[in-house]
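Order of the sequence lines sets the chain letters (A, B, ...), proteins ahead of strands, with each chain counted from 1.
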There are 2 protein chains.
Amino acid sequence: MHLTSHTDYALRVLLYLRLREDGKSTIQEIADAYGISKNHLMKVVQRLAGLGYVDASRGRGGGLLLAKLPEEINLGRLVEEMEPHLDLVECFDMKTNTCPIAPVCDLKGVLGEAQQSFLGTLLGYTLADLGTRPQRLRKILKMPKAGG
Amino acid sequence: MHLTSHTDYALRVLLYLRLREDGKSTIQEIADAYGISKNHLMKVVQRLAGLGYVDASRGRGGGLLLAKLPEEINLGRLVEEMEPHLDLVECFDMKTNTCPIAPVCDLKGVLGEAQQSFLGTLLGYTLADLGTRPQRLRKILKMPKAGG
DNA sequence: CGATAAGAGGTATTCTGAATGCATGTTATG
DNA sequence: CATAACATGCATTCAGAATACCTCTTATCG
Ligand code: SF4
Ligand code: SF4
């Protein structure tokens, strides 16, 4: 039971940008701040751009900006969109299911309900609920001061 | 986001035994019923035996029996015990965490809460809540008639 | 216009852990 | 003592995630 690093990285990027609303941030800068691979992070950012969460501008002086208000970025929605699939067990994908009792299995319903609880909790939060300790976060992330 | 097949297989075994309280079932029989590998299922059953969910008797005439009442077998508990880990994101395991903001990350708490919602839902169900359509299940599983 | 910074996008490789198979040991029964 | 059934450990395969590269495009600046 785990989320992919893509999903977590996406959230890290958004959190970073939320604390940095005053100016653009480059992928390199964010990768350095979290100590992760720039190449890897580029894929995540492309995805976020495609989903409309960030605006990316190329060329010298380019970088990333949040494309929405933090209050508009729902964590549950983001997780649903970033995760490659939400197939808790094989029968959740009827196309590849091999379990013979799927049509009449109560467990399937119970697991589905549990997953909805999970996502439902996340749907109750937005990016605006994160970063409640901005000073400490900015310090850990070695974030440039406003205007820098 | 998915559970391992071990967890699902464990639940399948318990469901099978619950519908078959009248007599022992062999691993072979259950593997055939679900169309899965016997070798694989043996590992799952050993785990279930170790956790005290089933009694396994060896030798000719041996087989499996539920070691608890269906009402005593909680689905949330079982999932917790069968899953190799519940590390939704890397920071859930402090020993291997590399994320620098873990000590001050609000996201961690939110994800933890969501996971608790998931498990909390499952904790509300027991094996007794499954198998509400026993006739159809027994038929699909080609289960021997009572006493057979 | 040319150099350069930055993102876009595709491909290849590595790595991990799950899934599976196999071989042998142990226990109980008849 | 033959056999049926579970126990245990190890090896292998496989899928998907994670990561690394490489080339292309775009935009800015001197
Ligand atoms: S046992 Fe139920 S939940 Fe598990 S795969 Fe089969 S249908 Fe789905
Ligand atoms: S960003 Fe937060 S939730 Fe994600 S790994 Fe870091 S500490 Fe954990």
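- With rounding to whole Å, H6(A) atom NE2 is found 9 Å from dA17(D) atom P.
- M42(B) places its CE atom 13 Å from the P atom of dC22(C), with the value rounded to the nearest Å.
- A salt bridge does not link R47(B) to E81(B): none of the charged nitrogens lies less than 4.0 Å from a carboxylate oxygen.
- Judged purely by distance below 3.5 Å, without hydrogens or angles, the side chains of T121(B) and S117(A) pair a donor atom with an acceptor atom.
- We find the CD1-CZ distance between I101(B) and R133(A) to be 10.0 Å, quoted to the nearest 0.5 Å.
- Counting to the nearest Å, the P atom of dG9(C) and the CG atom of L41(A) are 16 Å from each other.
- Within the structure, every side-chain polar atom (N or O) of T26(A) is placed at least 4.0 Å from both OP1 and OP2 of dA6(C).
- With no hydrogens or angles considered, a side-chain donor-acceptor pair links E83(A) and T7(A) at under 3.5 Å.
- Rounding to whole angstrom units, NE2 of residue H2(A) and C1' of dA18(C) are separated by 11 Å.
- Picking from dA7(D), dT19(D), dG9(D) the nucleotide with the shortest atom distance to the side chain of K43(B) gives dG9(D).
- Going from atom CD of E29(B) over to atom C1' of dC6(D) covers 15 Å, rounded to whole Å.
- If you measure from atom CD of E90(B) to atom P of dA17(D), you get 17 Å, rounded to the nearest angstrom.
- Taking only side-chain nitrogens and oxygens, S37(A) comes nearer than 4.0 Å to OP1 or OP2 of dA20(D).
- Comparing G62(B) and Q46(B) against DNA chain D, the residue whose closest nucleotide sits nearer the 5' end is G62(B).
- Atom-to-atom, NE2 of H40(A) to P of dT11(C) comes out at 18 Å; the value is rounded to the nearest Å.
- The shortest distance between side-chain heavy atoms of V110(A) and L130(B) falls below 4.5 Å.
- Both the sub-6.0 Å distance and the 45° axial angle are not jointly satisfied by K108(A) relative to the ring of F92(A).
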Pull out every protein N or O sitting under 3.5 Å from an N or O of nucleotides 26-28 of chain C, one pair per line with the distance.
from	atom 1	to	atom 2	distance (Å)
dT26(C)	O2	R58(B)	NH1	2.9

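- Distance check: K68(A) NZ to I73(A) CD1 gives 6.5 Å after rounding to the nearest 0.5 Å.
- Protein atom NZ of K38(A) is 8 Å distant from nucleotide atom C1' of dG7(C), rounded to whole Å.
- Taking the nucleotide of DNA chain D with the nearest heavy atom to each of I27(B) and T4(A), the more 5' of the two is matched to I27(B).
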